[in-house]
K.L.:
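First the structure, which I've put down as structure tokens, then a few questions once you've had a look.
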Amino acid sequence: MSHIRRLGGGRRKNVKKGFQFTLMVVGASGTGRTTFVNTLCGSKVLSSKTCDNPEEAHIEDGIKIRPISVELDEDGVRISLTIVDTPGFGDNIDNEKCFQEIVGYLETQYDDILAEESRIKRNPRFRDNRVHALLYFIQPTGHALREIDIELMRRLSPRVNVIPVIGRADSLTPQELTDFKKRIMEDIEHYNIPIYNFPFDIEEDDEDTVEENSELRDSLPFAIIGSDDFITMNGARTKGRQYPWGAVEVDNPEHSDFAKLRSALLSSHLQDLKEITHDFLYENYRTEKLSKSDDQIDQPDTSFKVDEIANQNVRLKEEQLKKEEEKLRDIEFKVQREIQEKRQELLAKEEALRSLEARLASTQVADA
Ligand SMILES: Nc1nc2c(ncn2[C@@H]2O[C@H](COP(=O)(O)OP(=O)(O)OP(=O)(O)O)[C@@H](O)[C@H]2O)c(=O)[nH]1
Ligand SMILES: [Mg+2]
């Protein structure tokens with residue numbers, strides 16, 4: 001998506017009124033999506049999946065897509081944040097169904113807008129639920145992208161701004177994390193996955209934007225650490241995870257990219273993500289959808305062509321039949337003529353025979 005120019009500028013326009021932003025979280029089961037959402041919102045807006053009854057643990061309740069909305073205050077700016085959680089997929093469930101539901105959800109929001117745009121009378125209570133950014137949670141395996149991640153990100157990126165993140169990133173040492181990030185980005189480039197890579201234009205954008213965006217791009221995929229708990233560091237209470245050997249702080253840039261991602265999503269790049277969603281992703285969807293329905297309108301034309309070809313075939317067959325009939329008539333005529341000639345010949349021979357007999361009889365009478 002590097003061809004999309006950063007549209008910036010408008011982000012400070014609606015400061016007083018506040019902003020609406022919709023974020024979707026997608027990823028394999030247990031990658032820390034729910035914990036991330038709760039950490040971002042500063043409260044337990046989502047409950048983690050718990051299964052107390054082992055007898056029911058195998059029952060997959062399928063993917064349920066449920067948006068929830070929270071009001072946040074981001075440095076004095078009111079943000080109405082809608083979170084769309086998509087319960088994780090695993091290795092043993094039917095992932096295809098799950099993928100279809102996620103992509104289907106994104107497209108349904110576009111369909112709703114499309115339908116609303118074509119109404120003569122606008123619905124004053126209409127809600128734009130388009131997803132502006134999708135955080136794709138990658139498992140902290142330390143290897144490379146899995147096939148399932150590549151496939152899903154590929155399918156999602158034409159419809160939404162996909163931002164790859166590594167969940168539970170405290171499982172990796174700093175060196176492992178650096179290498180893992182590098183491999184993931186190599187895979188994304190290799191498979192040509194058009195993720196949201198903080199696009200900028202060196203010639204057109206100002207120096208600050210270029211610097212800010214290239215720094216964010218270099219941090220991709222963001223290393224995420226989430227926690228529902230508070231720890232005390234140097235006498236201050238902060239969100240973090242306490243381990244027997246030490247503690248990790250969610251907001252500490254030395255420990256994770258959480259703070260960087262939070263400020264990109266809710267402040268610096270909120271407007272850009274929304275604009276790309278509307279001007280580029282939705283516009284592409286709209287064009288695809290309308291050209292598809294145009295094709296359907298063209299359908300009678302195609303069937304007309306089919307009819308035309310069928311008619312032509314019938315005409316050719318008729319001509320062929322006519323020719324064959326003529327040929328047969330010729331043959332019949334010829335045969336009849338031949339029969340006639342043979343009959344004439346036969347009559348002539350009979351005649352000759354009769355005169356021969358007559359001559360023979362008169363000779364016999366003369367001899368007697
Ligand atoms: N080490 C570590 N553990 C984490 C982190 N975030 C969440 N966890 C733990 O990982 C487990 C799964 O976290 P969830 O937030 O429920 O993960 P999820 O992706 O929502 O999982 P499902 O919805 O069940 O698919 C929980 O035990 C969390 O406490 C993290 O940043 N680091
Ligand atoms: Mg969850």
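Just so we're clear, the structure is a prediction, and the values are computed from it rather than from any experiment. Order of listing sets the numbers, starting from 1, for every ligand and every atom in it.
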K.L.:
Do the non-hydrogen side-chain atoms of Asp112 and Phe126 ever get within less than 4.5 Å of each other?
P.N.:
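Side chain of Asp112 against side chain of Phe126, heavy atoms only: contact under 4.5 Å found.
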
K.L.:
Just let me know how Ile225 lines up against ligand 1, side chain, backbone, both or neither, with a heavy-atom cut-off below 4.0 Å.
P.N.:
both

K.L.:
Give the atoms of ligand 1, by number and element, whose distance to some non-hydrogen atom of Thr34 is under 4.0 Å.
P.N.:
15 (O), 18 (P), 20 (O), 23 (O)

K.L.:
Would you mind reporting whether Arg337 and Lys342 have side-chain heavy atoms less than 4.5 Å apart?
P.N.:
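Lys342 does not reach Arg337 side chain to side chain.
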
K.L.:
If every non-hydrogen atom of Cys41 is compared with every non-hydrogen atom of Leu81, which pair is closest and at what distance?
P.N.:
SG-CD2, 4.1 Å

K.L.:
Distance check below 2.8 Å: does Thr35 bring an N, O or S atom to the Mg ion (ligand 2)?
P.N.:
no

K.L.:
State, to 0.1 Å, how close Glu176 and Ser171 come at their nearest heavy-atom pair, and which atoms those are.
P.N.:
OE1-O, 4.3 Å

K.L.:
So Tyr196 and Phe198, would you call those rings parallel, tilted or perpendicular, with 30° and 60° as cut-offs?
P.N.:
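Perpendicular: the ring planes of Tyr196 and Phe198 meet at over 60°.
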
K.L.:
Does the ring centre of Phe258 sit less than 6.0 Å away from the ring centre of Phe36?
P.N.:
yes

K.L.:
Give yes if a backbone or side-chain nitrogen or oxygen of Gly226 is under 3.5 Å from a nitrogen or oxygen of ligand 1, and no if not.
P.N.:
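So ligand 1 has an N or O lying under 3.5 Å from an N or O of Gly226.
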
K.L.:
What are the atoms of ligand 1, with element, lying closer than 4.0 Å to any heavy atom of Gly88?
P.N.:
25 (O)

K.L.:
Quick check on Phe258 - does any of its heavy atoms sit under 4.0 Å from an atom of ligand 1?
P.N.:
no

K.L.:
Gly30: heavy atom below 4.0 Å from ligand 1, yes or no?
P.N.:
yes

K.L.:
Under 4.0 Å from a heavy atom of Ser29: which atoms of ligand 1 are those, numbered in the order shown and with their elements?
P.N.:
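What qualifies from ligand 1 is 22 (P), 24 (O), 25 (O).
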
K.L.:
Please determine if Ser171 has a nitrogen or oxygen closer than 3.5 Å to a nitrogen or oxygen of ligand 1.
P.N.:
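Not met; the criterion fails.
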
K.L.:
In terms of relative ring orientation, are Tyr110 and Tyr285 parallel, tilted or perpendicular, with 30° and 60° separating the classes?
P.N.:
tilted

K.L.:
Does ligand 1 come near enough to Ala169 that some N or O of the ligand is less than 3.5 Å from an N or O of the residue?
P.N.:
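Checking ligand 1 against Ala169, no N or O pair falls under 3.5 Å apart.
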
K.L.:
What atoms of ligand 1 come closer than 4.0 angstrom to any heavy atom of Tyr243?
P.N.:
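Contacts of ligand 1 toward Tyr243, numbered from 1: 1 (N), 2 (C).
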
K.L.:
Heavy atoms only: give me the nearest Thr31-Gly27 pair and the separation to one decimal.
P.N.:
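Distance-wise, the nearest heavy atoms are OG1-C, 4.1 Å.
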
